[in-house]
Amino acid sequence: MASDPVEVAPLLLNKVLTCGPVSGRIVEVEAYKGSEDPASHAFRGESARNAVMFGPPGHLYVYFSYGMHHCCNVVCRPAGVAGAVLVRALAPTSGLEVMRRRRPHAERDRDLCSGPGKLCQALGLNRDFDGLDLLSSASTVRLLDDGRPAPTAGELGSGPRIGISAELTSAAEPWRFWVVGDANVSR
DNA sequence: CTTTGGATCGTCT
DNA sequence: GACGATCCAAAGG
C-alpha cells in the first residue's frame, strides 16, 4: 500500500470498498504519481485541497470537480510523498436499493458505479469523507479483502488514463487498469 | 450506436 | 478569470 501507485493500482482490483450498507468490488482504477506526473493534483505541490495525498498511505482522498461531482482515491505512498490511485468503477455487491435511490438516473445496475463520479454518488461520498483511514475498523468507509485475488495477467486490462489533456507528458502512459470483461468498467 | 454541448463551482493563476 | 482525474440528455447516423 505504501509504494508506487502504478504498482499498487492493479493490486486494488477485486478489493471491496464499503460504506455503511453499500459496497462494491473495485473493477477499474487509475494511478497518479505525485511530483513526476503533470496530470496529478499533487504535481504543483501541497495545498488545502490535496493535503491528504501527502499524508500516510491507506487514507481516502476525495475531491470535488466540474462543479458537481466527487471522485475518490486511495493514498499509497509514505507520508510526505504524494501518490494515489483513483477508483473509477465498482461492481455493486450490496446495498443496491440504496444506490438506486441515490442515483435515480441509473436505468441498469451497471450504471450505478461505472464511473468515478457515479460511484461516489452511489456510496454517498463527499469532501466530508476526505482523509478517512480506509484500513481502520473505526472508519465509515473501508477497503476490504474478501479473498478474491487480483486479476491474473490475462484478466488485467491496461491503457491510457481518461480525461487527461493530450499535451501532458504523462498522458499516454498506460496507467489505467481494469478487470477485463466486467460490465461495470466505464465507457 | 456515436458525437456534442451544457451544467456548475472550488481551486489556483 | 479560467479550467477541470465528469455525467447526462439531445441530436445525428
Side-chain angles (χ1 to χ4, degrees), chain A residues 4-10 12-13 15 17 22 24 26-55 57 59-77 81-92 99-132 134 141 143 157-179 183-187:
Chain A
D4 189 329
V6 177
E7 305 284 325
V8 173
L12 290 179
L13 293 173
K15 295 290 180 289
L17 195 59
V22 177
I26 298 173
V27 296
E28 181 183 357
V29 294
E30 282 179 0
Y32 285 88
K33 299 198 177 200
S35 54
E36 319 149 53
D37 181 2
S40 171
H41 288 167
F43 183 64
R44 293 166 201 282
E46 185 172 347
S47 69
R49 173 167 79 148
N50 66 22
V52 171
M53 277 185 92
F54 290 81
H59 286 240
L60 187 67
Y61 166 49
V62 183
Y63 69 91
F64 182 62
S65 183
Y66 290 99
M68 63 187 83
H69 293 293
H70 292 276
C71 300
C72 71
N73 300 249
V74 178
V75 174
C76 66
R77 303 220 69 183
V81 185
V85 176
L86 170 70
V87 181
R88 283 197 61 89
L90 302 177
M99 291 186 183
R100 293 189 193 104
R101 195 182 321 136
R102 288 172 174 164
R103 289 191 38 71
H105 293 297
E107 301 193 354
R108 305 162 301 178
D109 287 349
R110 70 175 52 164
D111 298 321
L112 290 171
C113 299
S114 56
K118 297 178 189 178
L119 72 90
C120 282
Q121 206 177 341
L123 296 194
L125 299 181
N126 57 52
R127 280 231 91 194
D128 293 343
F129 295 77
D130 188 47
L132 279 182
L134 293 168
V141 184
L143 184 63
S158 69
R161 295 172 294 179
I162 293 178
I164 308 296
S165 304
E167 63 178 61
L168 297 183
T169 56
S170 60
E173 298 282 1
W175 291 344
R176 172 177 174 241
F177 304 92
W178 65 90
V179 177
N184 298 277
V185 173
S186 67
R187 196 102 129 243

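Just so we're on the same page: letters track the sequence lines, and every chain starts at 1. Given the structure is predicted, the values throughout are model-derived calculations rather than measurements.
For the side chain to side chain contact (heavy atoms under 4.5 Å, CB included) with A:His70, the lone residue among A:Asp128, A:Val62, A:Asp130 that qualifies is A:Val62.
In this structure the side chain of A:Glu30 never reaches within 4.5 angstrom of the side chain of A:Pro116, judged on heavy atoms.
One finds the CG atom of A:Asn50 at 14.0 Å from the OH atom of A:Tyr32 (value rounded to the nearest 0.5 Å). Taken from CG in A:Leu119 to OG in A:Ser114, the straight-line distance is 9.0 Å, to the nearest 0.5 Å. Here the CG-SG distance, from A:Leu90 to A:Cys72, works out to 7.5 Å after rounding to the nearest 0.5 Å.
Using a 4.0 Å cut-off between a side-chain N of Lys or Arg and a carboxylate O of Asp or Glu, A:Glu173 and A:Arg161 do not qualify as a salt bridge.
Other residues, nucleotides and ligands contribute over 12 non-hydrogen atoms within 6.0 Å of the CZ atom of A:Arg127.
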Pairing pattern in dot-bracket form [Watson-Crick, G-U; both distances under 3.5 Å; | = partner strand] for DNA chain B
|||||||.||||.
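Note on A:Ser47: every side-chain N or O is 4.0 Å or more away from OP1 and OP2 of B:dT11.
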Going 5' to 3' along nucleotides 4-13 of chain C, which nucleotides have protein heavy atoms under 4.0 Å from the base (write B), which only from the sugar-phosphate (write S), and which from neither (write -)?
BBBSSS----
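Whole-Å rounding puts the A:Arg187 CZ to B:dT4 C1' distance at 14 Å.
Using a 30° and 60° split on the angle between ring planes, A:His41 and A:Tyr61 fall in the perpendicular class, above 60°.
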